[in-house]
Trainee: 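Below you will find the structure I want to go over with you.
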There are 2 protein chains.
Amino acid sequence: MELGTYLPYLVNRVGQRFISDITPVLSEAGVDIQSWRVLIALYQRGAQTVGALSDLTSINFSTLSRVLGRMEKKDLVRRVRDAEDARSFTVELTANGKSVTETILPQAAALEAKVTGDFSEAELAMLRQLLGKLYVGLSDYSEERDDRLAG
Amino acid sequence: MELGTYLPYLVNRVGQRFISDITPVLSEAGVDIQSWRVLIALYQRGAQTVGALSDLTSINFSTLSRVLGRMEKKDLVRRVRDAEDARSFTVELTANGKSVTETILPQAAALEAKVTGDFSEAELAMLRQLLGKLYVGLSDYSEERDDRLAG
DNA sequence: TAAATATATTTGCAAGTGCAAATTATGGGG
DNA sequence: CCCCATAATTTGCACTTGCAAATATATTTA
């Protein structure tokens with residue numbers, strides 16, 4: 001096995017670069033990377049329970065609970081008891097959260113466009129599709145392992 | 001912009017899944033994810049200075065300094081003053097580090113093979129190539145920004 | 001319908017992280 | 001030769017993170 005062909009390595013370094021490239025934009029808006037993940041998820045998919053948001057953002061649920069605490073202090077989101085199941089909280093964007101998201105979003109889109117400037121449309125579509133397929137493979141694997149443990 | 005087509009989102013969730021899928025294997029060997037990144041890098045590319053290792057693993061250099069501290073305690077690596085430039089340390093695998101890496105490596109390879117079971121060889125090659133290309137795009141962007149700041 | 005069990009979220013705690021300052025060492029100019 | 005600018009690494013500090021236990025609510029069972 002060679003490092004340059006090892007998928008976790010290739011994926012991780014791209015992920016880290018994305019973070020360091022977007023961080024200056026986020027700092028300017030007073031938002032950290034985790035909060036940004038929450039903001040886009042809520043903006044694109046609408047209000048979510050904490051658990052659903054944890055799945056959607058890949059942020060550990062207890063970490064997420066504290067991220068949401070920070071975000072509430074900054075008036076970015078609001079947690080309201082779920083009407084149907086009072087064990088859950090529904091997390092929703094505040095007007096301020098929506099506005100902050102709409103400030104960052106075009107800059108994030110511009111960054112993505114810029115760093116993929118050398119990609120053809122077909123390549124971009126292919127990359128997205130393959131990442132999606134890989135995610136499915138990884139998820140299936142996790143589930144198999146969990147089933148094994150559950151007996 | 002839709003979440004399901006947003007590259008940082010697609011990359012991040014794949015990265016997180018890789019981590020959660022490999023973690024049980026690493027725990028069994030008493031190694032954390034950061035240490036594992038260092039182990040593969042050293043195993044594949046040979047001894048490195050701390051700075052080079054930071055680039056190679058995408059681990060922040062001050063974090064890396066402490067990761068290396070943990071790894072030294074476990075006799076996985078050794079830091080020796082660089083003969084040519086005494087400001088640098090050269091980090092190298094110990095015999096134990098090599099052996100631990102060789103225990104984990106086949107399991108990591110098997111995991112990668114399993115989660116990409118549905119990929120054709122062409123798709124796998126394409127995914128690796130596109131991730132490499134994306135990394136280049138992201139790096140160019142970082143450099144442009146740094147140049148701008150440096151004046 | 002009270003007890004037992006299951007689910008959603010938060011919290012205590014010990015450990016890990018990143019920034020910026022400190023430390024250790026190099027190399028060129030006076 | 002010593003000083004100053006530069007470079008590699010570590011460390012102080014405040015904050016973030018993840019695990020496991022605690023809390024709050026829902027559902028099933030007897």
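The figures here come from the full heavy-atom set of this structure, side chains too, leaving out hydrogens, waters and symmetry mates. Everything numeric in this text was worked out from a predicted model, so none of it was measured.
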Trainee: Whole-Å distance between dT25(D) P and F89(A) CZ?
Mentor: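 Distance, rounded to whole Å: 8 Å.
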
Trainee: Within less than 4.0 Å of OP1 or OP2 of dT9(C), is there a side-chain N or O belonging to R81(A)?
Mentor: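 Answer no for this pair, as no side-chain N or O of R81(A) is under 4.0 Å from OP1 or OP2.
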
Trainee: How many whole angstroms separate atom CD of Q34(A) from atom P of dG16(C)?
Mentor: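 Rounded to the whole Å, the gap is 18 Å.
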
Trainee: Reckon D85(A) touches a base, only the sugar-phosphate, or nothing at all at heavy-atom distances under 4.0 Å?
Mentor: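 If one applies the 4.0 Å heavy-atom cut-off, D85(A) turns out to touch the sugar-phosphate alone, with no base involved.
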
Trainee: Do the non-hydrogen side-chain atoms of L68(A) and L53(A) ever get within less than 4.5 Å of each other?
Mentor: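 SC-SC contact between L68(A) and L53(A) confirmed.
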
Trainee: Return the value, rounded to whole Å, for the distance between atom CE of M71(B) and atom C1' of dG16(C).
Mentor: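 Distance, rounded to whole Å: 15 Å.
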
Trainee: Between dT10(D), dC19(D), dT16(D), which nucleotide gets closest to the side-chain atoms of V50(B)?
Mentor: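 The answer is dT10(D), which lies nearest to the side chain.
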
Trainee: Counting side-chain heavy atoms from CB outward, which of dT9(D), dT16(D), dA8(C) is closest to S88(A)?
Mentor: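 Looking only at heavy atoms from C-beta outward on S88(A), the closest nucleotide is dA8(C).
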
Trainee: In this structure, how many angstroms lie between the C1' atom of dT9(D) and the CG atom of N60(B), rounded?
Mentor: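 For the pair N60(B) CG and dT9(D) C1', the rounded distance is 12 Å.
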
Trainee: Say whether E102(B) and Y43(B), considering side chains only, have a donor N or O and an acceptor N or O under 3.5 Å apart.
Mentor: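 A pair is found: one side chain offers a donor N or O, the other an acceptor, under 3.5 Å apart.
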
Trainee: Test side-chain contact (heavy atoms from CB on, under 4.5 Å) on F18(A) and L134(B) and set out the steps.
Mentor: CA-CA 10 Å; F18(A) 265 125; L134(B) 182 53; 4.0 Å; yes

Trainee: Testing K98(B), R79(B), R78(B) one by one against E92(B) for a salt bridge (Lys or Arg N to Asp or Glu O under 4.0 Å), which residue passes?
Mentor: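 Passing option: R78(B).
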
Trainee: Looking only at heavy atoms, which two atoms of Y9(A) and L3(A) are closest? And how far apart?
Mentor: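 In this case the closest contact between Y9(A) and L3(A) is CD2-O, 3.1 Å.
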
Trainee: Rounded to the nearest angstrom, tell me the gap between atom CD in Q48(B) and atom P in dA8(D).
Mentor: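 The distance from CD of Q48(B) to P of dA8(D) comes to 14 Å, rounded to the nearest Å.
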
Trainee: Write down the distance between CZ (F61(A)) and P (dG18(D)), rounded to a whole number of angstrom.
Mentor: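 Rounded to whole Å, this separation is 11 Å.
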
Trainee: Considering only dG18(D), dA25(C), dT9(C), which nucleotide approaches the side chain of R66(A) most closely?
Mentor: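 Looking only at heavy atoms from C-beta outward on R66(A), the closest nucleotide is dG18(D).
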
Trainee: Rounded to whole angstrom units, what separation is found between the CZ atom of R79(B) and the P atom of dT24(C)?
Mentor: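 From R79(B) CZ to dT24(C) P: 14 Å.
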
Trainee: For DNA chain C, whose closest nucleotide is more 5', that of T23(A) or that of T49(A)?
Mentor: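 Of the two residues, T49(A) wins.
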
Trainee: Compare the minimum distances between each of dA20(C), dT10(C), dT17(C) and the side chain of S62(B), then state the nucleotide with the smallest one.
Mentor: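 Among dA20(C), dT10(C), dT17(C), the one nearest the side chain of S62(B) is dA20(C).
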
Trainee: T63(A) near the nucleic acid: base, sugar-phosphate alone, or nothing, with a heavy-atom cut-off under 4.0 Å?
Mentor: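 The residue T63(A) makes base contact.
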
Trainee: Could you tell me whether the side chain of R87(B) has a donor or acceptor atom within less than 3.5 Å of a complementary atom in the base of dG27(C)?
Mentor: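 No such pair is found, so the answer is no.
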
Trainee: What is the separation between atom CG on L64(B) and atom P on dT10(D), rounded to the nearest whole Å?
Mentor: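 Computing the L64(B):CG to dT10(D):P distance gives 8 Å.
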
